[in-house]
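Along the sequence shown, residues are numbered consecutively beginning with 1. The model shown is predicted, which means the values in this text are computed figures rather than measured ones.
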Amino acid sequence: MKSDIIDQLFSQYYNEALLYSISLCKNRTVAEDIVSNAFFKALGMADDSIREFKPWLLTVCRNEFISLCRRESRFTGEDIPEDYIDDREEVIEGIIRKEEYRSLYRAIDLLPDTQREAVMLFYFSGLPIKSISEIIGKSETNTKVLLCRAREKLRKMMEGDQ
């Protein structure tokens, strides 16, 4: 039971903690170490007095970064050695893209069955309309309408209109 909660907290807050840590140290590898240590410390020190886990975890990440800077003077924040510099923009974009994909998959799961099936077959399996219409037992025109309506619903869900 306790490990389920830990798994849930880890999967829910890891990307945000990693993104925050990357913004602090500007290096993905170091940021992953910071987040790993922060989770270990945060979960070890957690008690019932913690009302919101996310802000508390990010505070622990910040403290881990400060401790790292103190231990290793080469990480001053301003003068980071060349071998520690990551392509930060690419890393941050990858994390954001991953979150957007996660949101998209959640939105697809909320579509009615036939629309979800049509979207999965068209976009993820790459099947043509004709093949999809045969699989789902609808006419090609009806399949196009299903996809159009599904795209519209997904757009609204992703924009937060629904």
Side-chain angles (χ1 to χ4, degrees), residues 1-113 115-126 147 149-162:
M1 174 91 173
K2 194 172 188 179
S3 84
D4 291 341
I5 294 170
I6 292 170
D7 289 342
Q8 182 183 5
L9 288 172
F10 188 80
S11 64
Q12 186 174 357
Y13 297 115
Y14 178 80
N15 283 338
E16 293 175 66
L18 181 62
L19 190 60
Y20 176 68
S21 297
I22 289 171
S23 73
L24 292 174
C25 67
K26 299 167 182 57
N27 180 284
R28 183 181 180 98
T29 305
V30 173
E32 287 172 348
D33 289 341
I34 289 171
V35 173
S36 176
N37 291 338
F39 263 102
F40 180 74
K41 286 182 179 181
L43 294 172
M45 297 183 306
D47 60 15
D48 293 336
S49 67
I50 299 167
R51 298 190 194 282
E52 294 186 36
F53 185 78
K54 178 181 168 184
W56 189 64
L57 174 66
L58 295 180
T59 301
V60 175
C61 286
R62 183 175 187 275
N63 291 340
E64 276 294 304
F65 174 70
I66 291 169
S67 295
L68 179 68
C69 289
R70 287 181 183 149
R71 280 192 310 267
E72 300 181 22
S73 62
R74 64 181 180 224
F75 286 100
T76 62
E78 297 169 354
D79 188 29
I80 296 176
E82 285 296 317
D83 59 335
Y84 284 105
I85 295 177
D86 246 24
D87 187 4
R88 194 175 70 174
E89 295 285 325
E90 187 177 311
V91 171
I92 291 171
E93 297 241 346
I95 292 170
I96 291 170
R97 194 174 318 115
K98 188 175 179 181
E99 270 307 307
E100 289 171 348
Y101 287 151
R102 184 176 292 136
S103 296
L104 177 62
Y105 291 135
R106 286 183 193 138
I108 289 171
D109 281 340
L110 296 174
L111 291 173
D113 292 341
Q115 288 180 357
R116 181 176 54 244
E117 187 176 11
V119 166
M120 296 300 287
L121 291 171
F122 187 77
Y123 290 104
F124 295 97
S125 297
L147 283 169
R149 288 180 181 163
R151 281 191 294 265
E152 185 63 26
K153 281 185 182 181
L154 287 172
R155 183 188 62 77
K156 287 180 181 178
M157 283 188 259
M158 296 299 289
E159 291 176 352
D161 291 343
Q162 246 181 357

key: Pairwise distance CG(D33) to CD(E64) - rounded to 0.5 angstrom   = 10.0 Å
Counterpart residues, side-chain contact (heavy atoms from CB on, under 4.5 Å), relative to R116 (two or more places apart) = I108, D109, L111, D113, M120
key: Counterpart residues, side-chain contact (heavy atoms from CB on, under 4.5 Å), relative to A118 (two or more places apart)   = I132, L147
request  = Using side-chain contact (heavy atoms from CB on, under 4.5 Å) as the criterion, list what pairs up with Y13, not counting sequence neighbours.
outcome  = L9, E16, F39, F53, K54, L57
task = Determine whether I34 and C25 make a side-chain contact, defined as any pair of heavy atoms from C-beta on separated by less than 4.5 Å.
result = yes
Qualifying residues under salt bridge (charged side-chain N to carboxylate O under 4.0 Å, His left out), relative to R102, sequence neighbours excluded = E99
ask   = Is there side-chain contact between I66 and R70, with at least one heavy-atom pair below 4.5 Å?
value = yes
request  = List for me each residue that meets salt bridge (charged side-chain N to carboxylate O under 4.0 Å, His left out) alongside E117, sequence neighbours excluded, and say none if there are none.
outcome  = none
ask   = So which heavy atom on A107 is nearest to which on M157, and how close?
value = O-CE, 3.6 Å
request  = Quick one: list whatever passes side-chain hydrogen bond (donor to acceptor under 3.5 Å, both in side chains) with R62, sequence neighbours left out.
outcome  = none
request  = Using the test ring-ring contact (aromatic ring centres under 6.0 Å, His included), find all partners of Y14 that sit at least two apart in sequence or belong to another chain.
outcome  = F10
message = If you compare all heavy atoms of V35 against all heavy atoms of S21, which two are closest, and at what distance to 0.1 Å?
response = CG2-OG, 3.4 Å
inquiry  = Just to verify, what does R151 make a side-chain hydrogen bond (donor to acceptor under 3.5 Å, both in side chains) with, not counting sequence neighbours?
reply    = Y123
ask   = Does a side-chain heavy-atom distance below 4.5 Å link K153 with R149?
value = no
query = Taking S67 for the side chain and N63 for the main chain, is one N or O donor matched with an acceptor at less than 3.5 Å?
reply = yes
request  = For E152, check side-chain contact (heavy atoms from CB on, under 4.5 Å) against everything at least two apart and list the hits.
outcome  = R155, K156
